[in-house]
Enquirer: 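A single structure is presented below for examination.
Computed from a predicted model, the values in this text were never measured in an experiment.
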Amino acid sequence: MMSKQESAVKTKKLGEEYKSDFPILNQKINGKDLVYFDNAATTQKPEVVLDAVDNYNRTINSNPHRGAHTLSVRATDAYENARAKVRDFINAEKSEEIIFTRNTTESLNLLANSLETQMEAGDEILISVLEHHSNILPWQQLAERKKLKLKYLYPDDNYRISLAKLKEKLTDKTKIFSISQMSNVSGVINPVKEMAELAHQKGALVVVDGAQGAPHLKTDVRELGADFYAFSGHKMLGPMGIGVLYGKRELLEELPPFLKGGGMIEYVKEQGSTYAPLPEKFEAGTPNVEGAVGLQAAIEYLEEIGFNKIRQHELKLTEYALEKMKELDYVEIAGPLDLEDRGGIISFNLKDIHSHDLATILDSEGIEIRSGHHCAQPLMKFYGLNSTGRISFYLYNTKVEVDRFLESLEKVREVFGYGS
Ligand SMILES: Cc1ncc(COP(=O)(O)O)c(C=O)c1O
């Protein structure tokens, strides 16, 4: 039998009915009801996440893994329970395959540093030109340090990368293939599973930047074929400062640690040390236990609603916004116009208006959107863009908010004297 609470969640509609779970959304910005459309950058936290972090700090806070006292043991349990939840969430085989980091950026930097020992001059790293800087710079630097070749995949006019292009670029020298699950600019979802199969046929390691994937798509790292998978808590209703690097155990075991210090050693001698087993080997220093506790609460909240329901809601909003925006001849959309393999992110420009002006005027209407290069300058250059505005949806956004956004676009035009 379904509990009362479960059946309430089943019938509750995403959007308006979930807003009350998020205290921050109930406020006015510049005198108008807040519309938060910057979810690809950072999402908001529901009460259950705020409470979990608060409760941890009020009743448990202590340094885990180090003490013999009760609070330290409880902090250790809280931290390890969170790790087990993350394991279950992405269907990793073992908890020690889950390394807690600060965010996706740190996860990818850790990896690029630790993989250095496996690379030889002349080896190749393959990424795409659509990547976030966090999935470019660590590889760029690794390539420079070890004299490797950094190669790029380029998309078609529809912002998609074809498997045929990937096949052309993969060679026997490709040692690392790193790709985003979903683009933070165009919203395109890459065919990661098929891509991973092709890369594995050439013997390459497959790294997946799941910063925009984990929050919106039900993700199974084993089904995806990811050797490594990185994501951030703050983009999926969790706290800032907590992120994850998943890696297959046999691969992580071979890699040397990135950061060194307390908590990651077996023995330390005056000269030379040995390291703790996974996952501690990669978690030097005091960890962010409250962050991990908050991430666990966020995952439980998302799972209770269900990723299918969330995805359908985001697709409906995206379809509606795209349809309406396509009708406006002054709107240029930087991304696919159809819904195929696409998430709830829309980048766009208003003709002859800079995206920062657009974002500032929308802010005066209480509507928070992103503007700029979205940490994806190579993508911008490839498409000849200097910046774009970006709206991105999550489970608490509504059609009414999209309508307010659309109406406000006219106001932006009026400010510049282009009004109808
Ligand atoms: C696709 C992608 N990768 C990586 C990142 C970096 O995430 P973080 O700043 O949490 O490290 C982002 C952030 O926007 C992103 O969208």
Enquirer: Under the 3.5 angstrom rule, does the side chain of R87 hit a backbone N or O of I98 as a donor-acceptor pair?
Expert: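 Flag not set: sc R87 to bb I98 has no pair under 3.5 Å.
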Enquirer: When you measure from the side chain of S347 to the backbone N and O of A334, does any donor-acceptor pair fall under 3.5 Å?
Expert: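 Here the side-chain-to-backbone pair does not exist.
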Enquirer: Taking side chain to side chain donor-acceptor pair (under 3.5 Å) as the test, write out the residues that go with K19, two or more places apart.
Expert: E401
Enquirer: May I ask you to decide whether E124 forms a salt bridge with K151, counting only side-chain N to carboxylate O separations under 4.0 Å?
Expert: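 Answer for the salt bridge query: yes.
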Enquirer: Are there over 12 heavy-atom neighbours, none belonging to R311, within less than 6.0 Å of that residue's CZ?
Expert: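 Enclosed.
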Enquirer: Could you go through Q118 and L255, starting from their C-alpha distance and side-chain angles, then the distance that decides it, and tell me whether this counts as side chain to side chain contact (heavy atoms under 4.5 Å, CB included)?
Expert: CA-CA 8 Å; Q118 318 263 312; L255 301 183; 3.7 Å; yes
Enquirer: When you look at L278 and R249, which way does the side chain to side chain contact (heavy atoms under 4.5 Å, CB included) test go after all the steps?
Expert: CA-CA 8 Å; L278 292 174; R249 193 182 60 167; 3.7 Å; yes
Enquirer: Is R160 atom CZ crowded by more than 12 heavy atoms from other residues, nucleotides or ligands, each under 6.0 Å away?
Expert: yes
Enquirer: Report the relative orientation of the aromatic rings in F231 and Y229; use parallel for angles under 30°, tilted for 30 to 60°, perpendicular for over 60°.
Expert: tilted
Enquirer: Are the side chain of S128 and the backbone N or O of L130 linked by a donor-acceptor pair below 3.5 Å?
Expert: yes
Enquirer: How about CZ on R102, more than 12 heavy atoms from neighbouring residues, nucleotides or ligands closer than 6.0 Å, or not?
Expert: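 No, not enclosed.
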Enquirer: Identify the heavy atoms of A321 and I346 that sit nearest to each other, and give their distance.
Expert: CB-CD1, 3.8 Å
Enquirer: Find the distance between OG1 (T398) and CZ (F393) and round it off to the nearest 0.5 Å.
Expert: 9.5 Å
Enquirer: Determine whether L358 and I369 satisfy the following criterion, side chain to side chain contact (heavy atoms under 4.5 Å, CB included), listing intermediate values before the conclusion.
Expert: CA-CA 9 Å; L358 162 72; I369 76 156; 4.0 Å; yes
Enquirer: Less than 4.0 Å between a side-chain N and a carboxylate O, is that true for D88 and K85?
Expert: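 Salt bridge flag = yes for D88 with K85.
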Enquirer: Is the number of heavy atoms from other residues, nucleotides or ligands within 6.0 Å of CG (N26) greater than 12?
Expert: no
Enquirer: Any non-hydrogen side-chain atom of L237 less than 4.5 Å from a side-chain atom of L302?
Expert: yes
Enquirer: Please confirm whether the backbone N or O of H234 pairs with a side-chain atom of T42, one donor and one acceptor, at under 3.5 Å?
Expert: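 No; judged by distance alone, with no hydrogens or angles, the pair does not exist.
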Enquirer: Which atom names give the shortest non-hydrogen contact between A276 and E280, and what distance separates them?
Expert: CB-CB, 3.9 Å
Enquirer: In this structure, are over 12 heavy atoms from other groups packed under 6.0 Å from D157 atom CG?
Expert: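 Result for CG/D157: open.
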Enquirer: Distance from N91 atom CG to D220 atom CG, nearest 0.5 Å?
Expert: 4.0 Å
Enquirer: Might you point out which heavy atoms bring G241 and N288 nearest each other, and give the distance in Å?
Expert: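 For G241 versus N288, the nearest heavy atoms are O-ND2, 2.8 Å.
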Enquirer: Please examine the side chains of Q212 and I345, heavy atoms only from C-beta on, and report whether any two atoms are closer than 4.5 Å.
Expert: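 Yes, side chains in contact.
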Enquirer: With side-chain hydrogen bond (donor to acceptor under 3.5 Å, both in side chains) as the test, would you mind laying out the steps for Q140 and E144 before giving the verdict?
Expert: CA-CA 6 Å; Q140 227 172 41; E144 280 170 21; over 6 Å; no
Enquirer: For atom NZ of K316, decide whether the heavy atoms of other residues, nucleotides or ligands shown that lie under 6.0 angstrom number more than 12.
Expert: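 Not more than 12 within 6.0 Å, no.
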Enquirer: Check each of T388, N386, I333, V331 against N349 using the side chain to side chain contact (heavy atoms under 4.5 Å, CB included) test, and report the only one that passes.
Expert: T388
Enquirer: Taking the side chain as C-beta and beyond, is there a heavy-atom pair between N113 and Q141 under 4.5 Å?
Expert: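 With C-beta onward as the side chain, the pair stays apart.
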Enquirer: When you measure from the side chain of N30 to the backbone of G366, do you find a donor-acceptor pair of N or O atoms at a distance under 3.5 Å?
Expert: no
Enquirer: Taking all heavy atoms of Q27 and all of I24, pick out the closest pair and write down the distance.
Expert: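 Looks like NE2-O, 2.9 Å.
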Enquirer: Within the 4.5 Å heavy-atom criterion, are F405 and N397 side-chain neighbours or not?
Expert: no
Enquirer: Any side-chain to backbone donor/acceptor pair from N39 onto S392? Under 3.5 Å, distance only.
Expert: yes
Enquirer: Take atom NZ in K324; do more than 12 heavy atoms of anything else shown fall under 6.0 Å from it?
Expert: no
Enquirer: Under a 4.5 Å cut-off applied to non-hydrogen side-chain atoms, are L142 and R145 in contact?
Expert: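 Yes, at least one pair of side-chain atoms sits under 4.5 Å.
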Enquirer: Salt-bridge test for D54 and K45: reply yes if a basic N is under 4.0 Å from a carboxylate O, no otherwise.
Expert: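 No, D54 and K45 are not salt-bridged.
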Enquirer: For V53, is there any backbone N or O sitting under 3.5 Å from a side-chain donor or acceptor partner on N57?
Expert: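 Flag set: sc N57 to bb V53 pair under 3.5 Å.
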Enquirer: How are the rings of F100 and Y79 set relative to one another: parallel (under 30°), tilted (30 to 60°) or perpendicular (over 60°)?
Expert: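 Geometry flag for Y79 against F100: tilted rings.
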Enquirer: In this structure, are over 12 heavy atoms from other groups packed under 6.0 Å from K381 atom NZ?
Expert: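 No, NZ of K381 has 12 or fewer neighbouring heavy atoms, counting only those of other groups under 6.0 Å.
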Enquirer: Tell me if a side-chain donor or acceptor on E97 pairs with a main-chain N or O of E93 at a distance below 3.5 Å.
Expert: yes
Enquirer: Test H373 against H133 for side chain to side chain contact (heavy atoms under 4.5 Å, CB included), laying out the working first.
Expert: CA-CA 10 Å; H373 56 59; H133 294 163; 4.1 Å; yes
Enquirer: Yes or no on ring pair (Phe, Tyr, Trp, His ring centres under 6.0 Å) for F228 and Y246, after CA distance, side-chain angles and deciding distance?
Expert: CA-CA 5 Å; F228 300 97; Y246 155 82; 7.7 Å; no
Enquirer: Are the side chain of R342 and the backbone of P336 linked by a donor-acceptor contact shorter than 3.5 Å?
Expert: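 Yes, R342 side chain to P336 backbone: donor-acceptor pair under 3.5 Å.
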Enquirer: Can you tell me which residue among I127, I125, I176 is in a side chain to side chain contact (heavy atoms under 4.5 Å, CB included) with V207?
Expert: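 By the side chain to side chain contact (heavy atoms under 4.5 Å, CB included) criterion, V207 pairs with just one of I127, I125, I176: I176.
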Enquirer: Rounded to the nearest 0.5 Å, how far does CZ of R370 lie from SG of C375?
Expert: 7.5 Å
Enquirer: Taking atom OG1 of T174 and atom CD of Q201, what is their separation to the nearest 0.5 Å?
Expert: 12.5 Å
Enquirer: Rounded to the nearest 0.5 Å, how far apart are CG of L71 and OG1 of T76?
Expert: 10.5 Å
Enquirer: Whether the side chain of R413 engages the backbone of L350 through a donor-acceptor N/O pair (distance < 3.5 Å, no angle test) should be reported.
Expert: no
Enquirer: Roughly how far, to the nearest 0.5 Å, is the OG atom of S180 from the NE2 atom of H132?
Expert: 10.0 Å
Enquirer: Could you list all the ring pair (Phe, Tyr, Trp, His ring centres under 6.0 Å) pairs where at least one residue sits in residues 276-315, not counting sequence neighbours?
Expert: F22-Y301, F89-F307
Enquirer: Please determine whether a side-chain nitrogen of the Lys or Arg among R83 and E80 lies less than 4.0 Å from a carboxylate oxygen of the Asp or Glu.
Expert: yes
Enquirer: Do the ring centers of Y36 and Y394 come within less than 6.0 Å of each other?
Expert: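 No, the ring of Y36 stays outside the 6.0 Å limit from the ring of Y394, centre to centre.
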